[in-house]
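Let me begin by presenting the structure, written as structure tokens, before commenting on it.
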Amino acid sequence: MNVKILKDKEELNTVAPFEITHLLWGTSSIPRTCFYIGFVPGDGFYVRMVCEEKDPRRTYQSYLDPVYQDSAMEAFLLFPQKEDASGTYLNFEINANGALLAGYGPSRTYRSFFSREEAEQFQARAVIEEDRWSASFHIPLSVLERIYGPVKLEKGSTFYCNFYKISEAADIEHYAAYAPITSPVPSFHMPEYFAEAVLV
């Protein structure tokens, strides 16, 4: 996938969306879900996700709540590594209340969570409209460099990512991804299935 280098965060409104279409682990359908991502040099990444879902389940309110038990959209990203951070990827999970679950680590089990101070820098927001809801957040370069060390991101640079629509609630349970996951084990924490992204 090609991720556009932006002049500023407002330019995210001009990029083409990517759609989440791969239904997983028995899911028969999901509300149409798409996402927008762009990179502002010297600033960081901007992400906006949109789901055509009316009145989404939104129980959780606070940072680090298990929002995947509501209706949630998620972004997982893996950036170029320093030697002692091999395989470390970021996860951002958000519900329609704007409650965010955000962490980093090399696997589903061994993860650290961002501090509340860092989480405030993500500027996570959600908006509910009559027939859809959207969520947006910012990934500052300063946060990436704390985890990975110096990160060189320019035209032609690559990173890896996947984007998801999920609910683990039994009555509305569903799983879908942008890049396909062929594992029979239900888990989004599989960086081996992340798509390659190139800055253009």
Side-chain angles (χ1 to χ4, degrees), residues 1 3-4 6 8-24 27 29-40 43-77 89-104 111 113-144 161-179 188-189 197:
M1 62 186 285
V3 173
K4 188 175 179 181
L6 311 176
D8 53 45
K9 64 182 181 181
E10 283 72 29
E11 196 180 355
L12 186 65
N13 296 321
T14 70
V15 305
F18 299 93
E19 192 162 351
I20 293 172
T21 58
H22 290 96
L23 305 180
L24 304 169
T27 299
S29 66
I30 63 164
R32 183 174 183 268
T33 306
C34 64
F35 63 93
Y36 306 78
I37 180 171
F39 175 68
V40 178
D43 181 2
F45 286 86
Y46 287 88
V47 176
R48 183 164 62 94
M49 305 185 72
V50 180
C51 181
E52 295 178 1
E53 180 180 32
K54 188 172 183 177
D55 192 26
R57 181 165 299 176
R58 50 190 187 279
T59 306
Y60 294 100
Q61 303 277 347
S62 302
Y63 180 54
L64 298 183
D65 278 351
V67 295
Y68 49 82
Q69 294 177 14
D70 281 339
S71 178
M73 296 185 286
E74 304 182 355
F76 285 38
L77 303 100
Y89 61 92
L90 317 178
N91 63 289
F92 298 89
E93 310 177 20
I94 190 167
N95 70 2
N97 287 329
L100 178 70
L101 174 61
Y104 59 95
R111 303 197 70 65
F113 296 106
F114 292 103
S115 69
R116 290 186 180 274
E117 291 73 24
E118 284 179 313
E120 288 176 4
Q121 297 179 52
F122 299 139
Q123 302 169 3
R125 301 286 184 272
V127 176
I128 302 172
E129 300 176 65
E130 183 179 352
D131 61 346
R132 68 189 61 210
W133 64 284
S134 61
S136 60
F137 57 91
H138 173 222
I139 310 172
L141 274 179
S142 59
V143 171
L144 295 182
C161 58
N162 210 347
F163 293 78
Y164 310 111
K165 179 70 184 73
I166 183 174
S167 178
E168 290 188 3
D171 59 326
I172 60 168
E173 186 176 11
H174 59 267
Y175 308 94
Y178 167 72
F188 288 159
H189 290 267

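The chain is numbered in sequence order, starting from 1. Basis for what follows: all heavy atoms, side chains included, without hydrogens, waters or symmetry-related copies.
Here the shortest heavy-atom pairing between Tyr104 and Asn91 reads N-OD1, 3.9 Å. Minimum interatomic distance between Val3 and Ala197 (heavy atoms only, all atoms of both residues): CG2-CB, 4.0 Å. The shortest heavy-atom contact between Ser134 and Val50 is CB-CG2, 4.0 Å. In terms of heavy atoms, Met1 sits closest to Cys161 at SD-SG, 3.5 Å. Pairing each heavy atom of Gln69 with each of Tyr60, the nearest pair is OE1-OH, 3.0 Å. Shortest non-hydrogen contact noted between Leu6 and Leu12 is CD1-N, 3.8 Å.
Looking at Asn97, its side chain never comes within 3.5 Å of a backbone N or O of Ala99 through a donor-acceptor pair. Using modelled atom types, one side-chain atom of Asp70 and one backbone atom of Thr59 make a donor-acceptor pair closer than 3.5 Å. Side chain of Thr33 to main chain of Pro31: a donor-acceptor pair is present (N/O by atom type, distance under 3.5 Å, no hydrogens or angles). Formation of a donor-acceptor pair under 3.5 Å by the Ser62 side chain with backbone atoms of Asp65 is not found in this model.
For the pair Val67 and Ile94, the minimum side-chain heavy-atom distance is 4.5 Å or more. Side-chain contact between Tyr175 and Ser167 is absent, with no heavy atoms from C-beta onward closer than 4.5 Å. Looking at heavy atoms from C-beta onward, Glu93 lies out of side-chain contact with Ile166 at the 4.5 angstrom threshold. Considering only heavy atoms from C-beta on, Met73 comes within 4.5 Å of Trp133 through its side chain.
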### Query
Given the rule in the side-chain contact (heavy atoms from CB on, under 4.5 Å) test, do Tyr164 and Leu24 qualify, once you have shown the distances and angles that lead to the verdict?
CA-CA 10 Å; Tyr164 310 111; Leu24 304 169; 5.5 Å; no
### Message
Test side-chain contact (heavy atoms from CB on, under 4.5 Å) on Ile20 and Phe35; report intermediate values, then the result.
### Response
CA-CA 8 Å; Ile20 293 172; Phe35 63 93; 4.0 Å; yes
### Task
Carefully, step by step, assess Val143 and Leu90 under the rule side-chain contact (heavy atoms from CB on, under 4.5 Å).
CA-CA 10 Å; Val143 171; Leu90 317 178; 5.8 Å; no
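In this structure, the separation between CZ on Phe113 and CG on Leu64 is 6.0 Å, given to the nearest 0.5 Å. The structure places NZ of Lys165 at 9.0 Å from CE of Met49, a figure rounded to the nearest 0.5 Å. To the nearest 0.5 Å, atoms CD (Gln123) and CZ (Phe137) are separated by 12.0 Å. Annotation: the span from His189 atom NE2 to Asn162 atom CG amounts to 11.5 Å, rounded to 0.5 Å. Taking CD1 of Ile128 as the reference point, atom CD of Glu53 lies at 10.0 Å (rounded to 0.5 Å). Atom CD of Glu10 is separated from atom OH of Tyr46 by 8.0 Å, given to the nearest 0.5 angstrom.
Ring planes of Phe92 and Phe122: perpendicular class, angle over 60° (limits at 30 and 60°). Between Phe163 and Tyr178, the ring-plane angle classifies as perpendicular under the 30° and 60° cut-offs.
No side-chain N or O of Glu74 forms a donor-acceptor pair with one of Tyr68 less than 3.5 Å apart.
Around atom CD of Glu130, no more than 12 heavy atoms belonging to other residues, nucleotides or ligands sit under 6.0 Å away.
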